[in-house]
Amino acid sequence: MEYRLLGRSGLKVSTITMGTMTFGGVGWAKTVGDLGVKEAKKLVDMCVDAGVNLLDTADVYSQGASEEILGEIIGGPRKNGVLIATKARFPMGPGVNDVGSSRQHLIQACEASLKRMKTDVIDLYQLHEWDGQTPLEETMEALDTLVRQGKVRYIGCSNFSGWHIMKALGVSERDKRERFVSQQIHYTLEARDAENELVPVSIDQGLGILVWSPIAGGLLSGKHRRNQATPEGTRQFAGWTEPPIRDENRLWNIVETLVEIADGRGVSAAQVALAWLIGRKGVTSVIIGGRTKAQFKDNLASAELRLTDEERKRLDDVSLQPLMYPYWHQRNTANDRLSEADLALIGPHLAK
């Protein structure tokens with residue numbers, strides 16, 4: 001297992017993170033999984049034994065049950081240097097203030113997460129989604145307070161846009177508050193939208209990237225194929241709708257390329273998709289989830305898979321998305337003055 005620095009921090013995390021959305025099975029999360037403590041512990045032990053040192057959850061996963069199960073497994077003195085990441089922002093009660101990124105909700109949510117996970121500190125506390133109604137000055141001050149109280153060690157965001165992130169970082173710098181060290185985003189071979197702004201801003205501003213649903217909810221696992229019925233037992237069969245598929249033909253072209261490369265290497269398509277992401281500029285760690293040991297065993301093996309330049313090019317070419325404005329204009333008129341962050345997006349298009 002490889003370990004990488006998380007953004008500008010001195011914290012090192014494994015290139016594979018364990019996701020825990022399958023723990024609990026309450027409400028909408030039941031579609032994803034409903035593992036109890038006994039089953040979940042086997043999977044946590046398996047990941048930790050493989051070198052995974054970051055476990056990611058959120059208060060909204062099964063309305064707190066995921067955090068509670070995680071607390072039963074690793075609560076109290078932690079072994080093997082295991083780190084906990086969780087998130088807050090979504091509704092956790094019926095009250096008008098039981099949601100959002102206000103000081104009121106964040107501090108209340110953090111204290112509730114600490115209690116559920118039976119721990120004194122959260123290693124990475126992340127804003128789960130943008131809140132356009134709370135001033136960022138209030139949000140960043142609340143996160144700063146939690147760090148200074150020793151309840152949180154590092155802070156990050158998830159599902160923000162590029163301008164959201166830059167505004168938050170600007171507030172942190174101006175007010176001398178703690179700044180984000182990472183962002184958690186959706187980024188796959190099928191969905192490369194993050195390359196427009198989120199990957200470049202991470203490279204430019206020194207943010208680590210944690211990738212959620214790195215095989216697109218199982219769509220890139222090789223189980224789903226062109227002109228075939230959705231396999232039983234998958235998220236899609238159960239009605240899961242993320243991520244949205246805007247070009248089905250493109251999806252199947254990507255899947256077929258993945259399967260061809262995987263068959264040639266004697267590995268799974270999921271491993272190839274994960275290895276492609278782990279090798280992308282700016283990516284720190286990919287978050288894997290599942291319900292069985294077989295799923296985790298397969299995904300964990302991607303940490304050791306090294307794709308050749310030719311394999312990467314095939315995957316890059318079949319999944320490359322057209323440049324949006326102003327990026328196509330920058331490619332045409334400003335390609336003599338591009339930064340490393342600019343090239344993360346525009347570079348592959350310069351020869352076209």
Going by side-chain contact (heavy atoms from CB on, under 4.5 Å), I74 matches just one of V82, N80, T119, I69. Which one?
V82
Give a yes or no answer on whether the side chain of N196 reaches the backbone of Y327 with a donor-acceptor pair at less than 3.5 Å.
no
Cut-off 3.5 Å, side chains only: do S102 and H105 have a donor facing an acceptor?
no
Hey, any chance V26 and V37 share a hydrophobic cluster, counting ILVMFWY side chains that come within less than 4.5 Å of each other, even indirectly?
no
Going by heavy atoms in the side chains, are V181 and R153 under 4.5 Å from each other?
no
Qualifying ring pair (Phe, Tyr, Trp, His ring centres under 6.0 Å) pairs with a residue from residues 75-102, counting only residues at least two apart or across chains
F90-H128
Could you check whether any side-chain N or O of E311 sits under 3.5 Å from a backbone N or O of T308, counting only pairs where one atom can act as donor and the other as acceptor?
yes
Drop me the distance from L207's CG to R179's CZ, to the nearest 0.5 angstrom.
6.0 Å
Using every non-hydrogen atom in the two residues, find where G290 and L35 come nearest and quote the distance to one decimal.
O-CD1, 3.9 Å
Verify, without hydrogens or angle tests, whether R250 (side chain) and E190 (backbone) share a donor-acceptor contact under 3.5 angstrom.
yes
With heavy-atom distances below 4.5 Å as the criterion, would you say the side chains of L345 and L323 are in contact?
yes
Is the count of non-hydrogen atoms from other residues, nucleotides or ligands lying under 6.0 Å from N249 atom CG greater than 12?
yes
Is there a salt bridge (Lys or Arg N to Asp or Glu O under 4.0 Å) between R312 and D316 once you walk through the steps?
CA-CA 6 Å; R312 285 196 165 277; D316 290 348; 5.4 Å; no
What distance separates M140 CE from K176 NZ, expressed to the nearest 0.5 Å?
15.0 Å
Quick one: closest heavy-atom pair of A216 and H186, and the distance?
CA-CE1, 4.3 Å
Between N335 (side chain only) and R331 (backbone N and O only), is there a donor and an acceptor less than 3.5 Å apart?
yes
With rounding to the nearest 0.5 Å, note down the distance linking CD1 in I278 to CD in E304.
9.0 Å
When you check the side-chain N and O atoms of E197 and S161, is any donor under 3.5 Å from an acceptor?
no
Q184 and D56: side-chain donor and acceptor closer than 3.5 Å?
yes
May I ask whether V99 and F160 are part of the same hydrophobic cluster, defined by side-chain heavy atoms of I, L, V, M, F, W, Y residues being less than 4.5 angstrom apart, directly or through others?
no
Would you please test L350 and L343 for side chain to side chain contact (heavy atoms under 4.5 Å, CB included) and show each step?
CA-CA 9 Å; L350 291 179; L343 289 169; 4.0 Å; yes
Identify the heavy atoms of A142 and L106 that sit nearest to each other, and give their distance.
CB-CD1, 4.3 Å
Donor-acceptor pair, distance only, cut-off 3.5 Å: does the side chain of T139 make one with the backbone of S101?
yes
Any donor-acceptor pair under 3.5 Å linking the side-chain atoms of W252 with those of E256?
no
Shared hydrophobic cluster for I185 and L5 (ILVMFWY, side-chain gaps under 4.5 Å):
no
Non-hydrogen side-chain atoms of L43 and Q295 separated by less than 4.5 Å:
no
Within 6.0 angstrom of E2 CD, more than 12 heavy atoms from elsewhere:
yes
Count I, L, V, M, F, W, Y as connected when their side-chain heavy atoms are under 4.5 Å apart, and connections chain through other members. Are Y325 and L338 then in the same cluster?
yes
Does the side chain of S285 come under 3.5 Å of the side chain of T17 through a donor N or O and an acceptor N or O?
yes
Identify the heavy atoms of D298 and A270 that sit nearest to each other, and give their distance.
OD2-CB, 3.8 Å
Please check if atom CE in M324 has more than 12 non-hydrogen atoms from other residues, nucleotides or ligands closer than 6.0 Å.
no
Does T284 use its side chain to pair, donor to acceptor, with the backbone of L210 at less than 3.5 Å?
no
Do the side chains of R89 and W130 get nearer than 4.5 Å, heavy atoms only?
no
How many angstroms lie between atom CG of N53 and atom CD1 of I16, to the nearest 0.5 angstrom?
11.5 Å
So F180 and S172, do their side chains get closer than 4.5 Å, heavy atoms only?
no
Rounded to the nearest 0.5 Å, how far does NZ of K293 lie from CG of L300?
12.0 Å
Can a donor-acceptor pair be found, under 3.5 Å and without considering hydrogens, that links the side chain of R8 to the backbone of Q205?
yes
Are V199 and R192 close enough, and set up right, to give a side chain to side chain contact (heavy atoms under 4.5 Å, CB included), and what steps lead you there?
CA-CA 10 Å; V199 173; R192 294 177 62 176; over 6 Å; no
Taking the side chain as everything from C-beta on, heavy atoms only, tell me whether D131 gets closer than 4.5 Å to L136.
no
Donor-acceptor side-chain pairing of N159 and W212 below 3.5 angstrom:
yes
Check whether L11 and V121 end up in the same hydrophobic cluster, where Ile, Leu, Val, Met, Phe, Trp and Tyr are linked by side-chain heavy atoms less than 4.5 Å apart.
no
Looking only at heavy atoms, which two atoms of A273 and I215 are closest? And how far apart?
CB-CG2, 3.9 Å
Can Q108 and D98 be said to form a side chain to side chain contact (heavy atoms under 4.5 Å, CB included), step by step?
CA-CA 9 Å; Q108 183 180 59; D98 292 334; 3.7 Å; yes
To the nearest 0.5 Å, tell me how far Q63 CD sits from E68 CD.
10.5 Å
With heavy-atom distances below 4.5 Å as the criterion, would you say the side chains of L258 and W276 are in contact?
no
Just by modelled atom types, is the V201 backbone N or O under 3.5 Å from a matching donor or acceptor in the D204 side chain?
no
Residues E67, T57; criterion side-chain hydrogen bond (donor to acceptor under 3.5 Å, both in side chains); working and verdict:
CA-CA 7 Å; E67 288 185 332; T57 187; 5.2 Å; no
Would you say the side-chain atoms of T20 and S66 include a donor-acceptor pair closer than 3.5 Å?
yes
Are any non-hydrogen side-chain atoms of L315 and V272 less than 4.5 angstrom apart?
yes
Under a 3.5 Å threshold, yes or no: a donor from one side chain and an acceptor from the other, between N299 and S302?
no
For G156 and L124, the nearest pair of non-hydrogen atoms, with its separation, is N-CD1, 3.9 Å
Between the main-chain N or O of C110 and the side-chain N or O of Y125, is there a donor-acceptor pair closer than 3.5 Å?
yes
Charged N to carboxylate O under 4.0 angstrom, E72 versus K118?
yes
Looking at K41 and D45, is any side-chain nitrogen of the basic one under 4.0 Å from a carboxylate oxygen of the acidic one?
yes
For L277, run the side-chain contact (heavy atoms from CB on, under 4.5 Å) check against V211, I209, T15 and tell me which one passes.
V211
Begin from the C-alpha positions of L143 and R177 and carry the test side chain to side chain contact (heavy atoms under 4.5 Å, CB included) through to its verdict.
CA-CA 8 Å; L143 293 174; R177 305 293 188 193; over 6 Å; no
Go through the side-chain N and O atoms of S158 and Q126 and say whether any donor and acceptor fall under 3.5 Å apart.
no
Q183 side chain vs L198 backbone, donor-acceptor pair below 3.5 Å
yes
